[in-house]
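Worksheet for the structure shown next.
Values below: all heavy atoms of this structure, side chains included; hydrogens, waters and symmetry mates excluded. Convention: sequence-line order gives letters A, B, ...; per-chain numbering from 1. Quick caveat: nothing in here was measured; it's all calculated off a predicted structure.
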Amino acid sequence: MEEIPEKSFLATDKLIFGIGQVSKITGVSSRQLRYWEQQKYISAIQTKKGASRQYNMHTLIRIVNIQRFLNRGFTLSAAVEKALKIDEAAPVVKQFMTTQFKGLKKEADNKFLLDFGYLDNSKKQRVWGIIENGETSFEIEDIS
DNA sequence: GTTCTAACA
DNA sequence: TGTTAGAA
C-alpha cells in the first residue's frame, strides 16, 4: 500500500509544469516567464544547461498572482512585491484557518456561516463568518 | 512538436 | 514584450 502523507493529501511540490503548460494556464507568455526568471522574480526548478524549465505549484501560484496584479494595472516590479506579500501571508492565513475554522453551515443557497469557534475562554459567545451574495461579515452569537 | 538562447523591420 | 532565427 502506498503511504499517505499526513500533512497534506496532495504533494503539491511534486506537481511540475513545463513552460508551455504554465503559459497556457496563466496567460503569461513564455517570453515573459524567461524574462521574469532573468530578473529573479521567479525561479524554475533547478535544471541543467539549456534544458527545458520546470515550475512547481508554488511558483505557478506566484506567477498567477503576479499576472493578476499586472492585469489590475500595476507595474511588473510592483506586481512582484504584491505577490511577495501574498507569499508571506499565505502560510499564516492557512495556519489560522486550519486551527480556528470549525465548520460550515449552509443557511440558504446564497448564505453560508463559517464557524470560528468561541470568542474567548468564557465560551459564552461564538464567532461566525458570514458570506451572503458575495458579501462577507462577522457576527457574534450569545450562547445561553 | 516544444523549448532554448540571442537578437531586432 | 513580441517575434524570429537556428539548434537541441
May I ask you to say what A/S30 touches in the nucleic acid, namely base, sugar-phosphate or nothing, with a heavy-atom cut-off under 4.0 Å? nothing
Among the nucleotides B/dT5, C/dG2, B/dT3, which one has an atom lying closest to any side-chain atom of A/Q32? C/dG2
Here the distance between atom P of C/dT1 and atom CH2 of A/W36, to the nearest Å, is 7 Å
Taking side chain as C-beta onward, heavy atoms only, is A/Y55 less than 4.5 Å from A/R62? no
Between A/R126 and A/E139, is there a donor-acceptor pair closer than 3.5 Å when you use the side chain of the first and the backbone of the second? no
Atom-to-atom span, CD1 of A/I19 to P of C/dA8 - whole angstrom: 20 Å
Hey, does A/T26 have a side-chain heavy atom less than 4.5 Å from the side chain of A/F17? no
Send over the distance from A/R34 CZ to C/dT4 P, rounded to a whole Å. 14 Å
From CG of A/L33 over to P of B/dC4, roughly how many Å is that when rounded to an integer? 9 Å
Can you measure A/E37 atom CD to C/dT1 atom C1' for me and round it to whole angstrom units? 17 Å
Could you check how far CD of A/Q38 sits from C1' of C/dT1, rounded to whole Å? 13 Å
Wobble G-U and Watson-Crick pairs count when both distances are under 3.5 Å; given that, what is the 5' to 3' dot-bracket string of DNA chain B, with | for pairing to other strands? .|||||||.
Which of A/T59, A/I19, A/I42 passes side chain to side chain contact (heavy atoms under 4.5 Å, CB included) with A/E37? It is A/I42
How long is the line joining OH of A/Y35 and C1' of B/dT3, in whole Å? 21 Å
Presence of donor-acceptor pair under 3.5 Å, side chain of A/R31 and base of C/dT3: yes
Mind checking whether A/F96 and A/F101 have side chains closer than 4.5 Å, heavy atoms only? no
Specify the separation, in whole Å, of atom CZ of A/F17 and atom P of B/dT2. 18 Å
